[in-house]
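Reckoned from all heavy atoms, side chains included, excluding hydrogens, waters and symmetry mates. We number each residue from 1, following the sequence as shown.
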Amino acid sequence: MSGNWSRFNIVSIVLGFAFLYLPIVLLVIFSFNESKLVTVWGGFSTKWYVAMFHNQGLMDAAWVTIRVGLISATVATVLGTLAALALVRYTRFRGRLLFSGMVFAPLVMPEVITGLSLLLLFVAIGLDRGFFTVTLAHITFTMCFVAVVVQSRLMTFDRSLEEAAMDLGAPPVKTFFQITLPVILPAIVSGWMLAFTLSIDDLVISSFTSGPGATTLPMKIYSQVRLGVTPEINAACTLMIAVVALGVVAASVANKRREVQRARDEQAAQRG
């Protein structure tokens with residue numbers, strides 16, 4: 001296979017990236033449009049960002065989304081980490097196959113089925129739909145992603161580090177918090193970020209499990225888009241893209257610094 005790039009490969013890559021990112025670029029550009037018509041350019045303006053912050057409906061939905069994302073991602077990270085530890089460290093216990101299937105079922109389950117089943121559950125137990133039910137639903141479907149990420153890190157974990165700590169007199173709990181947890185912490189943080197991203201992006205499951213006063217931002221945007229796209233929606237989406245981009249950049253910088261520090265520590269240990 002030739003290492004040179006053919007014209008067909010270059011055109012395919014350009015068209016592929018254009019298909020993926022050109023709509024996002026247009027959305028960002030028209031969020032600064034002076035005109036109220038989203039298809040007609042009327043000049044540069046930031047007034048729609050000001051109007052967005054004065055839109056109480058959008059702000060309330062954004063606040064609900066952030067709270068649901070933070071709570072569900074945190075709880076899902078704790079439960080997913082514990083599930084990953086149980087699956088990796090305790091390979092032989094009664095009901096392991098059933099437990100594994102229940103943990104990873106949301107990965108392959110369509111969101112419509114997950115949302116409908118949770119709705120029927122909440123109705124059956126008489127739980128009023130609202131903020132609490134949305135949070136429970138998000139914990140349910142994001143926990144499996146955390147479990148997958150943490151489990152993959154635990155599979156390559158060197159157990160001799162824990163054995164050495166316990167041989168030196170450290171109890172199991174102290175060994176976990178001082179040896180195991182710092183090593184798998186990058187995977188836990190990655191799982192939390194993935195769970196938070198999935199939570200703030202979810203529309204289908206939230207639509208089934210939400211109630212009065214628990215409208216998330218994706219639901220709010222979808223309900224307004226059905227009546228027509230407004231510049232305020234473009235501004236809100238652009239702001240979300242900026243926040244996600246900053247988060248990705250911050251995570252990349254932190255990961256790079258951690259790798260550099262690890263290389264320095266290894267060099268210092270070799271010199272010592």
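- Here R159 contributes atom CZ and I179 contributes atom CD1; the two are 13.0 Å apart, rounded to the nearest 0.5 Å.
- The backbone N or O of A165 lies less than 3.5 Å from no partner atom in the side chain of T175, so there is not a single donor-acceptor pair.
- The closest donor-acceptor contact from the side chain of S199 to the backbone of A195 lies at 3.5 Å or more, if one exists at all.
- L85 places none of its side-chain heavy atoms less than 4.5 Å from the side chain of Q151.
- For the residue pair S206/H138, the side-chain donor-acceptor check at 3.5 Å is satisfied.
- In the hydrophobic cluster analysis, where Ile, Leu, Val, Met, Phe, Trp and Tyr join through side-chain heavy atoms closer than 4.5 angstrom, M143 is grouped apart from I184.
- Annotation: cation-pi geometry satisfied between R67 and F131 (NZ/CZ under 6.0 angstrom from ring centroid, within 45° of ring axis).
- Under a hydrophobic clustering in which Ile, Leu, Val, Met, Phe, Trp and Tyr are joined whenever their side-chain heavy atoms come within less than 4.5 Å, directly or via other members, F157 and V150 fall into the same cluster.
- F141 and F132 fall within the same hydrophobic cluster, where Ile, Leu, Val, Met, Phe, Trp and Tyr residues are linked whenever their side-chain heavy atoms come under 4.5 Å apart, directly or through other members.
- Side-chain atoms of S100 never come within 3.5 Å of backbone atoms of L97 as a donor-acceptor pair (strictly under, hydrogens ignored).
- Residues M219 and T215 share a closest heavy-atom pair of CB-CG2, 4.0 Å.
- Ring orientation note: the planes of F32 and F44 are close to parallel, at an angle under 30° on the 30°/60° scale.
- Using a 4.5 Å heavy-atom threshold, the side chains of P110 and I113 count as touching.
- Counting all heavy atoms, side chain and backbone alike, M59 lies closest to M52 at CE-O, 3.5 Å.
- Surrounding NZ of K174 are at most 12 heavy atoms belonging to other residues, nucleotides or ligands under 6.0 Å away.
- The same ILVMFWY cluster, assembled from side-chain heavy atoms under 4.5 Å apart, contains both F145 and L118.
- No side-chain N or O of S31 forms a donor-acceptor pair with one of W48 less than 3.5 Å apart.
- A donor atom on one side chain and an acceptor atom on the other are not found under 3.5 Å apart for T135 and S72.
- Cluster membership check: F104 does not share its hydrophobic cluster with M102, using side-chain heavy-atom separations under 4.5 Å among Ile, Leu, Val, Met, Phe, Trp and Tyr.
- More than 12 heavy-atom neighbours from other residues, nucleotides or ligands sit within 6.0 angstrom of CH2 on W41.
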